[in-house]
Engineer: 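Supplied in structure tokens, the structure appears directly below.
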Amino acid sequence: MDSPEDQMDDHSRLIGDCPVVKISMGGVVVPCLLDTGSMVTTIRESFFEKHFRSQGVGLLKKCHWLRLKAANGLKIPYLGYMELNVTVLGKTLPQMGVLVVEDPLDDPIPQQQAVSGLLGMNIIRHCYRLLCEQYGPRLFESPVLQAASKEWKTTLSMCH
């Protein structure tokens with residue numbers, strides 16, 4: 001029988017893998033955490049500064065009525081949002097809202113290794129609807145889903 005120390009050495013009992021996908025936002029490839037628990041899509045402030053501000057995206061739009069909270073109830077500070085075309089699974093979704101969240105001050109993961117965005121249900125839902133319109137009841141047999149990662153298949157089956 002394993003001792004408690006041996007059991008904790010197996011971090012998979014405590015920490016799971018996160019589904020990460022690459023999508024295109026305004027022509028920029030963004031590695032994103034695929035998050036069906038989030039209603040919004042976000043990117044980090046540093047990623048915005050590096051990839052979008054230099055493209056001429058000016059001031060972010062303000063959304064004073066929106067208050068973001070994490071699952072633990074803590075406030076998630078954000079700077080504003082932008083609307084841009086997002087390409088997911090070969091489908092371009094026009095003018096989707098993407099919030100720019102402040103970089104965490106105590107981030108233990110080096111910026112180059114961290115995911116730069118979080119893909120939330122505002123985009124996942126639209127992608128699912130477009131695919132359903134195109135493939136109907138044969139969605140999960142479609143070439144798009146046959147070629148998709150297991151993370152996408154799992155996520156879209158949750159939407160189903």
Side-chain angles (χ1 to χ4, degrees), residues 14-135 139 142 144-145 147-160:
L14 179 63
I15 302 169
D17 293 326
C18 293
V20 176
V21 297
K22 289 185 179 177
I23 65 167
S24 173
M25 292 183 183
V28 176
V29 175
V30 185
C32 291
L33 176 65
L34 194 54
D35 190 353
T36 58
S38 177
M39 294 185 283
V40 296
T41 296
T42 66
I43 60 168
R44 290 173 173 244
E45 176 183 9
S46 56
F47 191 85
F48 169 80
E49 292 295 336
K50 181 177 180 181
H51 296 281
F52 292 99
R53 178 96 56 204
S54 64
Q55 284 188 5
V57 174
L59 295 174
L60 293 170
K61 297 178 182 181
K62 297 296 178 188
C63 191
H64 299 290
W65 56 268
L66 181 62
R67 304 282 183 257
L68 296 183
K69 287 188 179 182
N72 63 4
L74 293 177
K75 178 184 172 191
I76 300 173
Y78 69 96
L79 305 172
Y81 75 99
M82 57 183 169
E83 294 177 349
L84 38 76
N85 293 345
V86 175
T87 303
V88 180
L89 294 174
K91 300 292 177 195
T92 299
L93 310 170
Q95 299 303 297
M96 298 303 298
V98 177
L99 290 157
V100 177
V101 295
E102 292 180 9
D103 287 340
L105 297 176
D106 60 348
D107 192 355
I109 302 171
Q111 185 62 30
Q112 62 272 20
Q113 294 177 356
V115 293
S116 301
L118 183 144
L119 188 62
M121 287 303 293
N122 66 314
I123 291 176
I124 295 169
R125 179 186 65 234
H126 282 281
C127 178
Y128 174 74
R129 286 183 183 156
L130 272 177
L131 290 169
C132 280
E133 287 173 10
Q134 182 175 356
Y135 296 106
L139 171 61
S142 71
V144 171
L145 259 64
S149 67
K150 68 176 180 154
E151 291 84 7
W152 271 115
K153 291 174 186 173
T154 300
T155 298
L156 294 176
S157 67
M158 293 171 116
C159 293
H160 189 67

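Only a predicted model underlies this, so the values are computations on that prediction, with no experimental measurement involved.
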Engineer: The criterion is side-chain hydrogen bond (donor to acceptor under 3.5 Å, both in side chains); which residues satisfy it with S157, sequence neighbours excluded?
Structural biologist: none
Engineer: List the residues meeting side-chain hydrogen bond (donor to acceptor under 3.5 Å, both in side chains) with E151, not counting sequence neighbours, and say none if there are none.
Structural biologist: S149
Engineer: Who are the ring-ring contact (aromatic ring centres under 6.0 Å, His included) partners of H64, not counting sequence neighbours?
Structural biologist: none
Engineer: Is there a side chain to side chain contact (heavy atoms under 4.5 Å, CB included) between W152 and V144 once you walk through the steps?
Structural biologist: CA-CA 10 Å; W152 271 115; V144 171; over 6 Å; no
Engineer: Tell me, please, which residues at least two apart from Q95 pass side-chain hydrogen bond (donor to acceptor under 3.5 Å, both in side chains).
Structural biologist: N85
Engineer: What is the distance from atom CE of M25 to atom CG of L93, rounded to the nearest 0.5 Å?
Structural biologist: 10.5 Å
Engineer: Rounded to the nearest 0.5 Å, what separates atom CG in L119 from atom CD1 in I23?
Structural biologist: 4.5 Å
Engineer: Kindly indicate, with the supporting measurements, whether the criterion side chain to side chain contact (heavy atoms under 4.5 Å, CB included) is fulfilled by I43 and S116.
Structural biologist: CA-CA 6 Å; I43 60 168; S116 301; 5.7 Å; no
Engineer: Within a strict 4.5 Å, meaning less than it, do heavy atoms of the Y78 and T42 side chains meet?
Structural biologist: no
Engineer: So how far is it from S142 OG to L131 CG, rounded to the nearest 0.5 Å?
Structural biologist: 6.5 Å
Engineer: What I'd like to find out is whether the side chain of T155 reaches to under 4.5 Å of the side chain of P19, using heavy atoms alone.
Structural biologist: no
Engineer: Go through the structure and list residues passing side-chain hydrogen bond (donor to acceptor under 3.5 Å, both in side chains) with K91, not counting sequence neighbours.
Structural biologist: Q134
Engineer: Please report the interatomic distance CD1(I123) to SG(C32), rounded to the nearest 0.5 Å.
Structural biologist: 7.5 Å
Engineer: What's the separation between atom OG1 in T154 and atom CG in L34, rounded to the nearest 0.5 Å?
Structural biologist: 9.0 Å
Engineer: Could I get the full list of salt bridge (charged side-chain N to carboxylate O under 4.0 Å, His left out) partners for E102, not counting sequence neighbours?
Structural biologist: none
Engineer: If we only count heavy atoms from C-beta on, is the V101 to L118 side-chain gap below 4.5 Å?
Structural biologist: no
Engineer: Any idea how F52 and F48 line up, ring-wise: parallel (<30°), tilted (30 to 60°), or perpendicular (>60°)?
Structural biologist: parallel
Engineer: Does NZ belonging to K153 count more than 12 external heavy atoms closer than 6.0 Å?
Structural biologist: yes
Engineer: Please collect all side-chain hydrogen bond (donor to acceptor under 3.5 Å, both in side chains) contacts where either partner lies in residues 120-129, sequence neighbours excluded, each pair once.
Structural biologist: T41-N122, Y128-H160
Engineer: Grab the two heavy atoms, one from C132 and one from L139, that are nearest each other, plus how far apart they are.
Structural biologist: SG-CD2, 3.8 Å
Engineer: Applying side-chain hydrogen bond (donor to acceptor under 3.5 Å, both in side chains) as the test, list every pair that has at least one member in residues 17-38; sequence neighbours left out.
Structural biologist: none
Engineer: Sequence neighbours excluded, which residues qualify as side chain to side chain contact (heavy atoms under 4.5 Å, CB included) partners of A70?
Structural biologist: N72, I76
Engineer: Rounded to the nearest 0.5 Å, what's the gap from CG on L68 to CE on M39? Could you check?
Structural biologist: 8.5 Å
Engineer: Within the distance-only criterion (no hydrogens, no angle test), does the side chain of K62 pair as donor or acceptor with the backbone N or O of L79 below 3.5 angstrom?
Structural biologist: yes
Engineer: According to salt bridge (Lys or Arg N to Asp or Glu O under 4.0 Å), does anything in residues 65-79 pair up with another residue at least two apart or in another chain? List the pairs.
Structural biologist: none
Engineer: What I'd like to find out is whether the side chain of F47 reaches to under 4.5 Å of the side chain of V28, using heavy atoms alone.
Structural biologist: yes
